2 protein chains.
Amino acid sequence: MIGETEIFLDKTDLHILRLMQGNARISNADLARELGMAPSGILERVKKLEQKNVIMQYTARVNPIALQQKLLAFIFMKASDGPGSSNATLELAKIPEVQEVHHVAGDDCYLVKVRTYDSASLMHIMRTQFSKIPNILSTRTTIVLETVKEQQQLVIPEK
Amino acid sequence: MIGETEIFLDKTDLHILRLMQGNARISNADLARELGMAPSGILERVKKLEQKNVIMQYTARVNPIALQQKLLAFIFMKASDGPGSSNATLELAKIPEVQEVHHVAGDDCYLVKVRTYDSASLMHIMRTQFSKIPNILSTRTTIVLETVKEQQQLVIPEK
DNA sequence: GGTGAAAGTGTTAATAT
DNA sequence: ATATTAACACTTTCACC
């Protein structure tokens with residue numbers, strides 16, 4: 001895991017995070033105005049948050065429907081390799097259509113979230129990509145019919 | 001669903017989306033340089049992509065570990081209300097710690113992704129929030145032990 | 001849709017407290 | 001850790017194509 005050697009975030013940091021989580025394209029000048037500080041001070045704060053990997057990325061959330069990516073699926077997998085970051089998870093993580101790979105408690109070992117155009121393209125990935133990965137004993141696929149909410153925004157406390 | 005009345009994206013739009021998905025804070029000027037166009041032309045494109053809801057949001061991805069949010073869980077729920085956007089899903093979507101709510105095929109009706117500090121805070125939400133929602137017959141919770149990959153980035157084609 | 005020009009505004013590094 | 005300054009770069013509107 002990436003160095004999490006004690007990170008202290010004060011009220012100002014949390015405020016910056018809340019504003020940038022809501023709008024990553026906010027200007028430094030606007031951040032400064034909202035916080036009542038000089039722009040240069042904010043710039044320093046933001047750079048440190050990036051360096052410390054508190055801010056991991058700035059990203060535009062693109063509408064999957066606009067790109068005809070209509071299929072979302074969660075796939076539970078049982079695997080024969082032991083716990084920890086196995087080969088299988090790392091191979092799965094390399095597939096661009098795979099958005100999430102988790103190692104989970106319980107009978108199923110991995111939970112994988114995949115987004116594709118349609119069920120045919122999911123089948124194609126399963127046949128050509130998943131089948132290459134050794135140690136996968138079985139898979140159980142859950143198809144999403146409708147997504148009501150989907151965001152990664154965290155609850156950021158005031159203090 | 002938000003108006004998806006035929007959206008045509010050309011090569012230039014897709015290129016903009018790819019660059020902004022990778023770095024939402026890229027300047028208009030840099031976008032223009034990468035695409036070999038004038039900044040004013042890029043600005044028009046970007047504004048239209050925002051208007052058409054192709055770009056849904058610009059967000060800073062904040063590291064949950066930096067905020068001590070160590071617990072991630074997927075909860076499958078059976079409910080007695082029929083399919084479609086029910087009351088239950090809308091109530092679930094309002095809870096800030098709930099990052100995703102999907103209506104899924106199969107025996108389980110809903111799949112909910114929740115991020116909290118720890119198992120105690122998850123239990124607290126389940127007791128105080130979930131229990132208020134009528135029609136939930138049962139829940140089955142899967143705890144994430146380790147996340148290997150987690151991103152919402154789409155595969156954006158060249159053309 | 002796209003460019004070019006111009007005024008306003010923002011960015012960022014250096015210096016100082 | 002934050003503020004001031006100042007040079008430079010970017011943003012954005014508008015007239016034109």
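Hydrogens, waters and symmetry mates play no part in the numbers below; they use all other heavy atoms, side chains included. Keep in mind the model is a prediction, meaning the values are calculated, not measured. A, B, ... follow the sequence lines: proteins, then strands. Residue 1 opens every chain.
- Atom-to-atom, CZ of A:Arg45 to C1' of D:dA1 comes out at 8 Å; the value is rounded to the nearest Å.
- To the nearest angstrom, P of C:dT3 lies 14 Å from CZ of B:Arg33.
- Residues A:Arg115 and A:Gln69 have side chains that never bring a donor and an acceptor to within less than 3.5 angstrom of each other.
- What separates CD of B:Glu44 from C1' of D:dC14 is a distance of 11 Å, to the nearest Å.
- Of the candidates C:dT11, C:dT3, D:dT11, C:dT11 carries the atom nearest the A:Asn28 side chain, counting heavy atoms from C-beta on.
- In the model, B:Gln129 has no side-chain atom that pairs as donor or acceptor with a side-chain atom of B:Glu97 under 3.5 Å.
- Neither OP1 nor OP2 of C:dG10 sits under 4.0 Å from any side-chain N or O of B:Arg25.
- At a threshold of 4.5 Å between non-hydrogen side-chain atoms, the residues A:Leu14 and B:Leu67 count as touching.
- Rounded to whole angstrom, the span from the CD1 atom of A:Ile42 across to the P atom of D:dT2 amounts to 8 Å.
- For the pair A:Met37 CE and D:dA3 P, the interatomic distance rounds to 5 Å; values are reported in whole Å.
- Distance from the side chain of A:Ala38 is smallest for D:dA3 among the nucleotides D:dT12, D:dA3, D:dT2.
- Remark: A:Lys48 is not in phosphate contact with D:dT2, judged by side-chain N or O atoms under 4.0 Å from OP1 or OP2.
- For B:His102 and B:Tyr110, the distance between ring centers is not under 6.0 angstrom.
- In this structure a side-chain-to-backbone donor-acceptor pair under 3.5 Å is missing from A:Lys149 to B:Leu92.
- Between the P atom of C:dG2 and the NZ atom of B:Lys11 lies a distance of 13 Å, rounded to the nearest Å.
- Of the side-chain N and O atoms in B:Lys47, none sit less than 4.0 angstrom from OP1 or OP2 of C:dG1.
- Residue B:Ser40 is classed as a base contact, given a heavy-atom separation below 4.0 Å to a base.
- To the nearest angstrom, P of D:dC10 lies 14 Å from CG of B:Leu43.
- In this structure, A:Glu50 atom CD and C:dT11 atom P are separated by 13 Å, rounded to whole Å.
- As judged by a 4.0 angstrom heavy-atom cut-off over every strand, B:Ala29 is placed among residues touching the sugar-phosphate backbone only.
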